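As the structure is a prediction and not an experimental result, all values here were calculated from the model.
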2 protein chains.
Amino acid sequence: MDPSQIDQVRRFNRTVTERVGVLHDRYLGRDRPIGEARLLWEIGERGQDVRRLRERLGLDSGYVSRLLRALESDGLVTVEPQPRDRRVRTVRLTDAGRAERATLDGRSDELAGSLLEPLNTTQRARLVAAMAEVDRLLTAATVVLDVVDPDHPDAQYCLRSYFMELRHRFEDGFDPARSLLPSAGELRPPHGLFLIARTHGEPIGCAGLKLPPRAPAEIKRMWVAPHARGLGLGRRFLAELEARAAQHGRNVLRLDTNKALGAAIGLYHSFGFQEVAAFNDEPYAHYWFEKRIT
Amino acid sequence: MDPSQIDQVRRFNRTVTERVGVLHDRYLGRDRPIGEARLLWEIGERGQDVRRLRERLGLDSGYVSRLLRALESDGLVTVEPQPRDRRVRTVRLTDAGRAERATLDGRSDELAGSLLEPLNTTQRARLVAAMAEVDRLLTAATVVLDVVDPDHPDAQYCLRSYFMELRHRFEDGFDPARSLLPSAGELRPPHGLFLIARTHGEPIGCAGLKLPPRAPAEIKRMWVAPHARGLGLGRRFLAELEARAAQHGRNVLRLDTNKALGAAIGLYHSFGFQEVAAFNDEPYAHYWFEKRIT
DNA sequence: GGCATCCTCTGACTAGAGTCAGAGGATGGA
DNA sequence: TCCATCCTCTGACTCTAGTCAGAGGATGCC
């Protein structure tokens, strides 16, 4: 790896942990230990199950329990068994808790403001733009791809979002019933597979692969959430699916697409796909692509 | 302040404290408490006086003493009275200490690498560029201006750097003896003043103001360290000097400059200075500028 | 030489942030 | 109905990271 890049990253780390890290603790932990503050924050407006809190924050169950006891005795939260499964307990903010959370929120704003405050307008705009870029790319680096069942809730969420988007973007809308969509079975081993991309456990994209016997592999239902675009995720899906198709002995990868999806078409070209004649009669397709793989 | 900017800064803070902050502690504190690691780092190759360490890290004397005891008993440092003043004690790394410090250094590299590692070449370049920008601007926000005596070591450092730079940049070099440089007395109250810009206590620029009786105020010896350029520091100096000249009842601010200093000339124009006829016979000057102030 | 001041160290604390090993109630399946 | 499993809680610890109040040697100045 390029040493001058490493160097710049180290300088960044240093500056940022000093300016942001130190201030962060000072602002947020002003009159409450940061453990409690983080918990209060993570409970959110609607409440949370204790086990989920523990998962999200990666904390020991005993520790969380103790923190909850502290918040409870300060009158900030109530903890009650969940009606469905009385082993699980649900935490909810009281009005006082909500108020406390709002002050934490205000302090986060103060902290952010204190970083911008000494700068002039131009500098602020530049800083914010650069922060957005760092944010996006660091987030991109945490994206993980998993194979899941197409019926998994996260998969379903992505597919719903995908259909909704097609409905808006296609000239004549989109009706799943009219399309040659594969059944869930076709995207489930051994007939295929379904990939999900996640950051911090949240689904942000999906892509399916059909592996029909003695025929080219076919990419289906590739979608990236709007807020996750520009992170190279489409490319990553393609590379991953290509590798998996090759593992399954296929030497051709293909897909069909609609003319409304300009960015995707550009991606296919730049990833080495060639336009070919229609290989199916998908009514929503305008272009068919193919790539030889090894 | 713009709420969408605040929002972006908050998103940035969150991402960064997660990705960088958490990893930071995990990498660096792998087998040594971060307090000790920080201290080990700050001692440096050449050793340090205990009091200076305390100052730099902002820690309690008892605490530092205890940390040093721990490092000493691990054979990483030696602590000895300073020969000149035996109340002060000097810490030096042993060979083992140097080795330990080198592994910490390696881990910082690893951490930086782990941020870049999941990204492709383009993304890496973009991330590094954005980090550099964030770094510069956050640093810019910590710059403080102080009035110091022109004989102060930091002032002397800036002036030496300034002369050295002029020597390189002027077509015919620069010889202080030939120039109309003000004596230190002219930049010292009540005849004038001398400003120093610092980040983290390190001097990164200077600017002097002459306040001759019943005459326009005059800017002298304005210099910004090469690594601190592009932070708007020149503008900040001008604004500060203008305000101080006005406080002292002057309504005209002027300066002379050399044609080799293109960026500075641009700055003077954009800050509202107008070119005027020569008001002195400085041999190194090609342009003379003036601005009416209130 | 005497005394205030400086610098470092030690002892005695505190608070936060966790970890670990059960206890004990709730649930689900045989 | 019984038993394994799940979820949460409690008690008993540990480690960091600090703070505070002096003790005691070294120095500088009168």
**OP:** Kindly point out which of C/dC9, C/dG18, C/dG16 is positioned nearest to the side chain of A/Pro33?
**Re:**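 Nucleotide nearest to A/Pro33's side chain: C/dG16.
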Original post:
Counting any heavy atom closer than 4.0 Å, what does A/Arg54 reach on the DNA or RNA strands: base, sugar-phosphate only, or nothing?
Top reply: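 Since only primed, P, OP1 and OP2 atoms lie under 4.0 Å of A/Arg54, the category is sugar-phosphate.
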Value in whole Å for how far the [atom2] atom of [N] lies from [atom1] of [X]:
X	N	atom1	atom2	value
B/Asp49	C/dC9	CG	P	12 Å
A/Arg51	C/dA26	CZ	P	18 Å
A/Glu36	C/dA17	CD	C1'	11 Å
B/Leu39	D/dT16	CG	C1'	14 Å
B/Ile34	D/dC15	CD1	P	16 Å
A/Arg89	C/dA26	CZ	C1'	12 Å
B/Glu72	C/dT10	CD	C1'	14 Å

Original post:
Who pairs with A/Arg87 by side-chain hydrogen bond (donor to acceptor under 3.5 Å, both in side chains), at least two apart in sequence or on another chain?
Top reply: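 Expected list: A/Asp85.
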**OP:** Can you sort out the partners of A/Thr90 under side-chain contact (heavy atoms from CB on, under 4.5 Å), two or more places apart, ordered by chain and number?
**Re:**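 Checked A/Thr90 against side-chain contact (heavy atoms from CB on, under 4.5 Å); matches are A/Asp49, A/Gln82, A/Arg92.
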Original post:
Is the shortest side-chain N/O distance from A/Arg69 to OP1 or OP2 of D/dT10 below 4.0 Å?
Top reply: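 Answer yes for this pair, as a side-chain N or O of A/Arg69 is under 4.0 Å from OP1 or OP2.
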Original post:
In Å and rounded to the nearest 0.5 Å, what is the CD to CG distance from B/Gln123 to A/Leu231?
Top reply: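 Going from the CD atom of B/Gln123 to the CG atom of A/Leu231 covers 7.5 Å.
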Original post:
Quick one: salt bridge (charged side-chain N to carboxylate O under 4.0 Å, His left out) partners of A/Asp2, sequence neighbours excluded?
Top reply: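 Testing A/Asp2 for salt bridge (charged side-chain N to carboxylate O under 4.0 Å, His left out), a comparison that skips the adjacent residues, returns none.
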Original post:
Who passes salt bridge (charged side-chain N to carboxylate O under 4.0 Å, His left out) against B/Arg51, sequence neighbours left out?
Top reply: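 Here no residue qualifies.
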Original post:
Mapping A/Arg38 and B/Arg52 onto DNA chain C by nearest heavy atom, which one lands closer to the 5' end?
Top reply: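 Taking each residue's closest nucleotide, the earlier one in sequence belongs to B/Arg52.
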Atom pairs and distances, donor-acceptor, side-chain atoms in residues 68-78 of chain B, under 3.5 Å, two or more places apart:
unit_1	atom_1	unit_2	atom_2	d
B/Arg69	NH1	B/Glu72	OE1	2.6
B/Ser73	OG	B/Ala70	O	3.1
B/Asp74	OD2	B/Arg32	NH1	3.3

**OP:** Heavy atoms under 4.0 Å is the rule here; annotate nucleotides 19-30 of chain D 5' to 3' with B where the base is hit, S where only the sugar-phosphate is, and - elsewhere.
**Re:** BB----BBS---
